[in-house]
Amino acid sequence: MATYPELCMIINGEKVGVEHRRTQAIVNPATEEVIGQLPLADSADLDRALATAKKGFQIWRDSTPAMRSRVLLDAARLMEERGDELAAIASMEMGKPFAEARIEVHMNAGLFEFYAGECHRIYGRSLVRPRGQRSTVVKVPVGPVAAFSPWNFPIGNPGRKLGAPIAAGCSVIMKSAEEAPASGVAVLQCLLDAGLPPEVAQAVYGVPDEVSRHLVASPIIKKLSFTGSTVVGKHLVKLCAEDMKRTTMELGGHGPVLVFEDADINHVLDVMVPHKFRNSGQVCVSSTRFLVHESLHEAFVAEFAKRAAAWRVGNGLDPNTQMGPMAHERGLQNITRLVNDAVSHGAKLHTGGHRVGDRGWFFAPTVLSNVPLGSEIMNTEPFGPVALINSFSTYEEAIEEANRLPYGLAAYAWTNDNKRKQNLGIDIEAGMVGLNTVMIAGPDSPFCGLKWSGHGAESGPEGLEACLVTKSIHEI
Ligand code: NAD
């Protein structure tokens with residue numbers, strides 16, 4: 001098994017260590033042991049990264065699609081080769097089961113492979129004009145991108161922040177999560193080892209608000225790509241508005257799951273229970289508000305609770321573990337508070353609802369039913385292993401509850417009625433809708449939210465498009 005690496009930033013291809021800098025302790029959430037000290041960027045580091053990104057853009061915007069494609073393909077291969085090491089690092093710094101982290105590596109390699117192909121397909125158009133005149137519409141890379149991502153997918157999030165901009169010909173300054181920094185650096189290292197010029201992509205860490213203010217204020221940065229909570233996303237959009245900088249915002253969610261009376265509940269539970277407890281529920285597209293037809297509700301709750309109570313919680317590096325700890329202590333405190341609040345409002349607790357053990361930030365898989373709409377957990381993203389299971393009687397009632405919140409990231413529904421499926425796709429206000437499936441994301445499809453869940457997209461041709469700007473050029 002891999003050992004946890006010495007932590008660093010990567011600026012202009014060089015490893016930048018602690019030296020004189022402020023540091024942040026990195027803690028393994030399964031053991032509460034300090035496993036590393038992360039150097040935090042000062043303003044001189046950020047200025048150096050900015051100057052490098054400017055140079056990197058001049059180099060990379062003139063690269064050929066074939067060059068970009070080769071780097072992405074080789075990086076994908078390196079990721080697969082280093083997959084076990086990367087997965088172990090991710091598990092050590094944020095707690096997820098090794099097997100989940102290994103899938104994340106594989107999916108990220110798939111994203112790089114997709115963009116290795118897609119970068120050949122950046123087209124403009126030529127307009128019909130009289131002889132001697134020419135008008136063309138071209139797509140060019142937007143420029144140096146600042147990209148900030150959270151800890152919940154320590155490999156996948158940095159991969160998304162880097163893949164499309166590099167395919168488009170942009171340079172990137174990435175600040176992946178301070179809570180899971182070695183994973184972000186390891187992803188970047190695959191690209192650098194695959195031949196990406198060191199000026200093109202860099203990794204910095206720091207005090208998040210300091211870093212974002214510094215980078216966004218610089219005229220060198222032309223776009224901000226952020227994945228994280230809605231509250232921080234709104235703050236960053238305001239910062240960007242000052243200079244009209246482009247933004248892609250992948251923000252929070254509160255995913256509804258509609259289970260209609262014709263669904264096979266055993267099959268639904270086979271899919272939804274693992275989905276609920278994946279990554280300890282710390283997933284933006286997690287299934288959060290289950291809305292089950294009243295004819296199935298009681299049986300659904302009972303079986304969900306039975307399966308949840310048997311779910312194996314432990315250290316992510318133990319192959320028997322199905323669910324790791326919360327990634328940080330504040331997550332554990334938050335989920336405990338939200339469950340207590342729901343119960344005090346009258347929700348029924350069927351299983352869980354408490355910390356597991358007294359070392360490591362483990363929280364028991366939890367099932368609540370009949371959760372009042374006024375309780376906080378029905379309105380804010382819980383980001384924890386809690387299933388909220390309420391009932392409905394009519395289609396209209398289910399849609400109204402599904403759309404009640406200002407979030408619109410992922411939604412799921414289970415029914416065998418084709419007409420109803422078609423209507424659900426239209427009626428549910430979410431960027432991604434899974435009908436009889438939870439497979440809503442892939443390298444070739446846009447990952448995107450509506451309403452408070454953000455704007456723009458990552459993955460798919462849409463993710464590449466978001467790193468390009470359109471120019472209209474006219475000649476005589
Ligand atoms: P958060 O917004 O507090 O932090 C997310 C990341 O942004 C962290 O790395 C943090 O250090 C950084 N950050 C915080 N303030 C910042 C600032 N002012 N400038 C720059 N960076 C800043 O959220 P969190 O609770 O740590 O992460 C979970 C949230 O992320 C959830 O709301 C989840 O839904 C969301 N998320 C969304 C997606 C998506 O694609 N829509 C994917 C994963 C996570």
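Note that ligands are numbered from 1 as they come in the structure, with each ligand's atoms numbered from 1 the same way.
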At the 4.0 Å heavy-atom cut-off, does [X] count as touching ligand 1?
X: R330; answer: yes
X: F226; answer: yes
X: E458; answer: no

Is there any N or O on [X] that sits under 3.5 Å from an N or O of ligand 1?
X: S212; result: yes
X: S229; result: yes
X: R160; result: no
X: S149; result: yes

From E381 atom CD to C284 atom SG, the distance as rounded to the nearest 0.5 Å
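Going from the CD atom of E381 to the SG atom of C284 covers 7.5 Å.
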
Y412 and side-chain contact (heavy atoms from CB on, under 4.5 Å): which single residue from N436, L435, V285 fits?
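The side-chain contact (heavy atoms from CB on, under 4.5 Å) with Y412 is passed solely by V285 among N436, L435, V285.
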
Are there more than 12 heavy atoms of other residues, nucleotides or ligands under 6.0 Å from atom CD of E6?
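Open.
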
We want to know whether H254 and N379 form a side-chain donor-acceptor pair, criterion being a heavy-atom distance below 3.5 angstrom.
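Side-chain D/A pair, H254 to N379: absent.
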
Does any donor atom in the side chain of S176 or Y205 lie under 3.5 Å from an acceptor atom in the other side chain?
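Present: a donor and an acceptor within the cut-off.
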
Test: K96 cationic atom under 6.0 Å from W151 six-membered ring centre, within 45° of axis
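No - K96 does not lie over the ring of W151 by the 6.0 Å and 45° rule.
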
In the protein, what heavy atom is nearest to atom 12 (C) of ligand 1, and what distance, to one decimal place, separates them?
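Here the nearest protein heavy atom works out to K175 NZ, 3.9 Å.
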
Flag: protein heavy atom within less than 4.0 Å of atom 24 (P) of ligand 1
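Under 4.0 Å from atom 24 (P) of ligand 1, at least one protein heavy atom found.
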
